[in-house]
Amino acid sequence: MMDRPLVSVIIPCYNAERYVEQSIRSIMQQTYTALEIIAIDDGSVDGTVLILQRLAAEDQRIRLVIHDENKRLVFTLNEGLALARGRYIARMDADDIAMPNRIAVQVDVLECNPQIVVVGSFMRVIQAEQLRGKWIAPIDDLRIRSYLFIASPFFHPTIMFRNGLPDLYYREDAYRAEDYDFWVRLLEHGKGYNIPRVLLHYRLLATSETKLGEQDAARRFTIFSDIHTRILSVYGISLPHHWQRLYTASTVKDWIPFITSSSISELLRVYGYIEQGVKKVNAPLAGTVKGYLGLRLLAYLRYGRFTKRFQDFFEVLKSSYFYRGAITLILRRVKL
């Protein structure tokens, strides 16, 4: 590649002294070298700043920003976006490890596919200092857009996206689900893609944003409901309030026990209404959406704390969502 585009890598840091050097060095040592590394310390009270200062003295590509107080993740991410000078912007957490060719592989995808605006990858989880299982994501644009109906289709620390797109900011009022909201808006400007390779090792800690977000259930539920409303509106779908809550609650297993006073037949009516609305706009998408909604039906059956009545059991067996969900689950397990 003769004219290599600059890539801005945004790395928010907060009390990360244990892992931050390994994380940033994994970017410093990338095979792709046309980088600016925007490391933003968000008011750390441990030794993070000293480590960042030492690394910045070693590598002139590091642009170090230090906050006197903690301003939280969304502010820090938006500050990084404002500072970014690269054609592409990559995300990275201060405790994760990028594979040496991560940036090169993602730049190649974006350079060769101008219709793609955001690209992620699979990742492997580090837990208790051991490499655990591989986390996979929907690969092509059709499956990514379908998966949006039930969850975030990208792993935030793995992504790279084009700079200069409209609405290129994280919403403060979507905190704890700011990435999910971000993807919905990015994908209004082009296609998404997940590289079916592990390009990042993701450290799962009790203090990670993923874990902390799970503890703020009420706030996340409201945010998810707003995100789902926006997704549905693209296809001209508007749900009654009760149906909207039922649909959103069915998308996260921890919320399912709170909606099991509703019958399975009512949930199936909600899914059917959504599927038909999508089908009017994009029939191929509707078929894939149906499979993912079927996955949520299976989760409803597994995690719901209720006594399943005979008529509900019969409704499930009659429903095509049950079988489409089972097929989708099997295909995901064999990683097709």
Side-chain angles (χ1 to χ4, degrees), residues 4-16 20 23-24 26-28 30 32-44 48-49 51-53 55-57 59-96 98 102-103 106-107 110-111 114 116-120 152 154-190 192 200 208-209 212-213 223 226-227 230:
R4 296 187 302 170
L6 182 68
V7 176
S8 302
V9 185
I10 300 174
I11 310 178
C13 309
Y14 179 65
N15 291 344
V20 68
S23 176
I24 291 183
S26 76
I27 296 297
M28 293 166 62
Q30 289 288 302
Y32 190 94
T33 58
L35 304 172
E36 64 168 0
I37 304 169
I38 304 173
I40 306 177
D41 181 78
D42 194 22
S44 294
T48 300
V49 170
I51 296 170
L52 293 176
Q53 289 173 331
L55 293 173
D59 192 327
Q60 294 184 349
R61 296 175 301 172
I62 296 176
R63 300 174 63 191
L64 178 57
V65 179
I66 301 173
H67 294 166
D68 293 331
E69 60 183 7
N70 182 258
K71 297 183 178 181
R72 300 202 310 180
L73 180 62
V74 174
F75 181 94
T76 303
L77 289 174
N78 284 331
E79 184 176 22
L81 291 177
L83 292 170
R85 298 175 297 199
R87 182 185 302 176
Y88 305 124
I89 298 174
R91 269 282 288 115
M92 179 77 179
D93 286 338
D95 51 11
D96 298 335
R102 173 201 163 175
I103 300 296
Q106 292 184 307
V107 167
L110 292 173
E111 287 286 282
I116 293 176
V117 296
V118 55
V119 57
S152 170
F154 298 103
F155 300 127
H156 199 181
T158 73
I159 57 95
M160 181 184 290
F161 50 91
R162 297 183 186 276
N163 200 355
L165 295 170
D167 294 328
L168 198 63
Y169 67 94
Y170 292 88
R171 283 175 46 210
E172 185 68 51
D173 59 357
Y175 181 52
R176 300 299 193 204
E178 69 281 340
D179 54 338
Y180 192 4
D181 171 78
F182 193 58
W183 315 140
V184 172
R185 290 183 287 113
L186 272 188
L187 289 170
E188 292 174 359
H189 303 292
L200 183 108
S208 69
E209 287 291 330
L212 292 174
I223 296 167
D226 290 344
I227 292 171
R230 180 167 183 145

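Rounded to the nearest 0.5 angstrom, R176 CZ and D181 CG are separated by 15.5 Å.
R72 forms a cation-pi arrangement with Y175, by the criterion of a distance under 6.0 Å to the ring centre and an angle within 45° of the ring axis. With F154 as the aromatic partner, R91 does not meet the cation-pi criteria of under 6.0 angstrom to the ring centre and within 45 degrees of the ring axis. A cation-pi arrangement is found for R4 relative to Y32, the charged atom lying closer than 6.0 Å to the ring centre and inside a 45° cone about the ring normal.
Not less than 6.0 angstrom separates the ring centroid of F75 from the ring centroid of Y170.
By the 4.0 Å N-to-carboxylate-O rule, R61 lies too far from E36 to be salt-bridged with it. Here E172 does not pair with K71 in a salt bridge; the nearest charged N to carboxylate O distance is not below 4.0 Å. Salt-bridge annotation for E178 and R171: absent, with no side-chain N of the basic residue lying under 4.0 Å from a carboxylate O of the acidic one.
Test D41, T76, N15, D42 against N70 for side-chain hydrogen bond (donor to acceptor under 3.5 Å, both in side chains) and you get one pass: D42. Of the listed residues (V118, I116, I103), just one forms a side-chain contact (heavy atoms from CB on, under 4.5 Å) with M160, and that residue is I103.
Here the side chain of R87 pairs no donor or acceptor atom with the backbone of P5 at under 3.5 angstrom. Of the possible polar contacts, one joining the R102 side chain to the T158 backbone as a donor-acceptor pair under 3.5 Å is found.
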Go through the steps for F161 and F182 under the test ring-ring contact (aromatic ring centres under 6.0 Å, His included), then give the verdict. CA-CA 11 Å; F161 50 91; F182 193 58; 5.3 Å; yes

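Counting heavy atoms from C-beta on, the side chains of L81 and I89 come closer than 4.5 Å. Here the side chains of P12 and L77 are in contact, with some heavy-atom distance below 4.5 Å.
Residues H67 and E79 have side chains that bring a donor and an acceptor to within less than 3.5 angstrom of each other.
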